[in-house]
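Quick notes on the structure that follows.
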Amino acid sequence: MTSLAVELTAVAQAAFAAEGLSPELGVVQISDRPDLAQFQCNGALPAAKQAKANPRAIAEKIAARLKTNPLFAKVEIAGPGFINLDVTDAALESRVGAAAKDTRLGAPQAGTGKAAVIDFGGANVAKPMHVGHLRSSVIGDSLQRLFRANGWNVVSDVHLGDWGLQMGQLISEIGHRGLAPIYFDPNFTGPYPGESPVTMDDLEEIYPAASAACKADPARLEEARKATAELQAGRHGYRALWQHFFAVSRIGLEREWGSLGIHFDLWKGEASVEPLMAPMIEDLNARHVAEESEGALVIRVARNGDKKEMPPLILVKSDGAVLYGSTDLATIVDRVRSQNPDLILYVVDQRQHQHFEQVFRAARKAGLNGKAELEHAGFGTMNGPDGKPFKTREGGVMKLYDLIAMVTEEADKRLTEAGLGADYSAEERASIAKMVGIATLKFADLSNYRLTDYIFDLARFSKFEGKTGPYLQYAAVRIQSILRKAAEEGHKTGAPVVRSAEERKLALQLLSLPDVMTTAEERRAPNMLCDYAFTLAQEFSRFYSEHHILSEADTALRAARLGLCELTLKTLSKVLDLLGIEVPARM
RNA sequence: GACCCCGUAGCUCAGUUGGAUAGAGCAGCGGUUUCCUAAACCGCAGGCCGCGUGUUCGAAUCACGCCGGGGUCGCCA
């Protein structure tokens, strides 16, 4: 199944071809001017340019051909040569009817047979997640849902930060405090205790302290670097300590992502490719892809045409430790071996764009990426109300679970104010508040275009009016309520009919789902799904306020309207699901 | 300094592989409830699309140059 616009495009392309013009000019899209028409085709203008002819004359010829097709209720030429198109209500009804029967609601399956690895989340071991991790998690999760819905075989990988300098900082800080001396005793041969010497709470306190100490004192930084190199070189006590950090952190991280409804197929990290590192470096050396420079082993990635200075990727530092560029490269090797993907997509802060450019160039130069296209889908920073970014490493930032608690509490307050759910059980109330809170948070984040920075304004996030997640949940809940009542009263659901202006606009919006899924995937832009969902909910609200449904006396009409409600609910729920937003049974 | 991202309504943001009269939400003003959830719906008002030049039949969109904000630029992630 395809969208109506895609179907009309095929018709128009045939008309262009029949006139001896390039068929690719016959693209039909949803009209920019809904007051004039439902769809438009602008192809006559570029065609005129190519053929050096009058655009209006070309449009006339195309229009004459389109008019013979019974699909169209209206074919008009406007302005310099725009072709405006309306389809018949019967055509809308048959497409809507077909969509209602399609379990995928017409979702495009262009990704069938293709595999993608999506790398997002990227939290660090031993550090609590903060609001800065929200974007990667929420955007990445939406993309994995979208790619899957479009037929891709997706493997998501959390790619934890667990092998770099921060590990050495933690280890040396713990050494300084004398918290777990046996892990530092070179004569101890093990086994090490199964119980972690530190809790997550301990780590949350130790890391900022370690980071501050290294900042203030170069000797401490040097110590941390040494510990990092020793950890990577395989020092037993450090490895054992690292295992504890990882295990303790994972529990907290799983809980947190779990509460956001975000799941990863793989819980790998930088450290997980450690066994691949030595052979990879050996190979790169042997093939002279890597070279020595200033005591480090690097891969040169600069090119002649570069506008910008492109420093080499440093594989091995002069002290013997590897960096995250090295683990990123080894991770590509790992992914190509295990998934052989067509695409590896990195949903990581835009500030790391250059880093990824280096890694991608190095991977291609070394021929490590197989058939995979490597792509960085960056995102802008989340700023505070003062317009400055939330701090990421200095501590004192708002933690993600505190934020979730806040939006949940706010949602609960709002439910009370609205007098909703007063007679629900405490459990259901809490569950609704949680879903509404999460929806508030996710929708606010996703509705901004990826690359732009946005202001994280808690007051605004918590508002439930207008273009917000809760508005969408509310719209879905109202439809559920209607359908539930219809079922209770024994009313049948029938094939939707399209008669009124509201029904027509709602039907058109429903039928454009495949278009938005396609473009949102191509652009890696969940904000397009947000727009779609909001418009759909608005169209439904308009329809709802203008038409009686349950109280409609004409049984056939009532059934048809219930059918439209049902398809709207399925579609809205589907798009909300792509955004990672759940709909409560009632509100 | 070089390069990257951004600059659109009072505020927060869509729209940017060139197309008709630049959209939405919030805030403001005015309406709608004997009726399926008013967290809603309808209407009004609000704009040298940062500035300039250029390419084009046509520019918020492309090119070049400025201005302003943010970011990055070899051993952190």
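In what follows, chains are A, B, ... by sequence order, proteins preceding strands, each numbered from 1. Since we're looking at a predicted model, the values are computed, not measured.
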Requested in this report: Would you mind building the protein contact string for nucleotides 13-25 of chain B? One character per nucleotide, 5' to 3', B for base within reach (heavy atoms under 4.0 Å), S for sugar-phosphate only, - for untouched.
Outcome: SSSS--BBB--SS
Query raised in the report: Taking only side-chain nitrogens and oxygens of A:Arg478, does any of them come within less than 4.0 Å of OP1 or OP2 of B:A38?
Result: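 Yes, A:Arg478 has a side-chain N/O under 4.0 Å of OP1/OP2 on B:A38.
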Query raised in the report: Just to confirm, is there a sub-4.0 Å distance from OP1 or OP2 of B:C36 to any side-chain nitrogen or oxygen of A:Ser481?
Result: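 Indeed not, no polar side-chain atom of A:Ser481 lies that close.
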Tell me what [X] touches on the nucleic acid: a base, only sugar-phosphate, or nothing, going by heavy atoms under 4.0 Å.
X	result
A:Tyr324	base
A:Glu546	nothing
A:Leu165	sugar-phosphate
A:His491	nothing
A:Gln354	sugar-phosphate
A:Met587	base

Using the [atom1] atoms only, state how far [M] lies from [N], rounded to an integer number of Å.
N	M	atom1	result
B:C29	B:C67	P	42 Å
B:U34	B:A38	C1'	16 Å
B:U12	B:G7	P	13 Å
B:G1	B:C49	P	29 Å
B:C11	B:C51	P	15 Å
B:A24	B:C44	P	11 Å
B:A40	B:C5	P	37 Å
B:U16	B:A59	C1'	10 Å

Rounded to whole Å, please give me the gap between [atom1] in [X] and [atom2] in [N].
X	N	atom1	atom2	result
A:Trp163	B:C76	CH2	P	16 Å
A:Glu566	B:C36	CD	P	22 Å
A:Arg351	B:C5	CZ	C1'	12 Å
A:His355	B:U72	NE2	C1'	13 Å
A:Glu357	B:C3	CD	C1'	12 Å
A:Leu313	B:C73	CG	P	14 Å
A:Gln480	B:C36	CD	P	18 Å
A:Gln352	B:C73	CD	P	10 Å

Is there a Watson-Crick or G-U wobble partner for [N] with both distances under 3.5 Å, and if so, which one is it?
N	result
B:U12	B:A24
B:C29	B:G43
B:C64	B:G52
B:U34	none

Looking only at the side chain of [X] (C-beta and beyond, no hydrogens), which of the listed nucleotides [options] gets closest?
X	options	result
A:Tyr544	B:G74, B:U37, B:C41	B:U37
A:Ile314	B:A77, B:G74, B:U37	B:G74
A:Leu415	B:A77, B:C4, B:A39	B:A39

Query - Check against side chain to side chain donor-acceptor pair (under 3.5 Å), A:Thr416 and A:Arg429 - result: CA-CA 10 Å; A:Thr416 307; A:Arg429 269 293 297 268; 2.9 Å; yes
Is the distance between the ring centroids of [Y] and [X] under 6.0 Å?
X	Y	value
A:Phe534	A:Phe443	no
A:Tyr346	A:His159	no
A:Phe540	A:Phe543	yes

Query raised in the report: Heavy-atom distance under 4.5 Å between the side chains of A:Leu253 and A:Leu160, does that happen here?
Result: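 Side-chain contact under 4.5 Å: yes.
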**Report entry** side chain to side chain contact (heavy atoms under 4.5 Å, CB included) between A:Phe356 and A:Asp328, worked out
**Finding:** CA-CA 9 Å; A:Phe356 282 109; A:Asp328 279 347; 4.1 Å; yes
Query raised in the report: Among A:Leu329, A:Leu323, A:Val289, A:Val298, which one satisfies side-chain contact (heavy atoms from CB on, under 4.5 Å) with A:Leu315?
Result: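 Of all the options given, the one that passes is A:Leu329.
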Requested in this report: Can you see which heavy atom on A:Thr493 is nearest to which on A:Gly563, and at what distance?
Outcome: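 The answer is CG2-CA, 3.4 Å.
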Query raised in the report: Quick check: are there more than 12 heavy atoms from other residues, nucleotides or ligands sitting under 6.0 Å from NZ of A:Lys317?
Result: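 Check passes, neighbour count above 12.
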Report task. Mind checking side chain to side chain donor-acceptor pair (under 3.5 Å) for A:Asp306 and listing every partner two or more places apart, or none if nothing turns up? Result ->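 Checked A:Asp306 against side chain to side chain donor-acceptor pair (under 3.5 Å); matches are A:Arg361.
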Query - Whichever of A:Val316 and A:Tyr474 has its nearest RNA chain B nucleotide further upstream toward 5' - result: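 Result: A:Tyr474.
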Requested in this report: Establish whether the base of B:G74 is bridged to the side chain of A:Ser293 by a donor-acceptor pair shorter than 3.5 Å.
Outcome: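 Answer yes: a donor N or O sits under 3.5 Å from an acceptor.
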Query raised in the report: Is the base of B:C36 touched by the side chain of A:His548 through a donor-acceptor pair closer than 3.5 angstrom?
Result: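 No such pair is found, so the answer is no.
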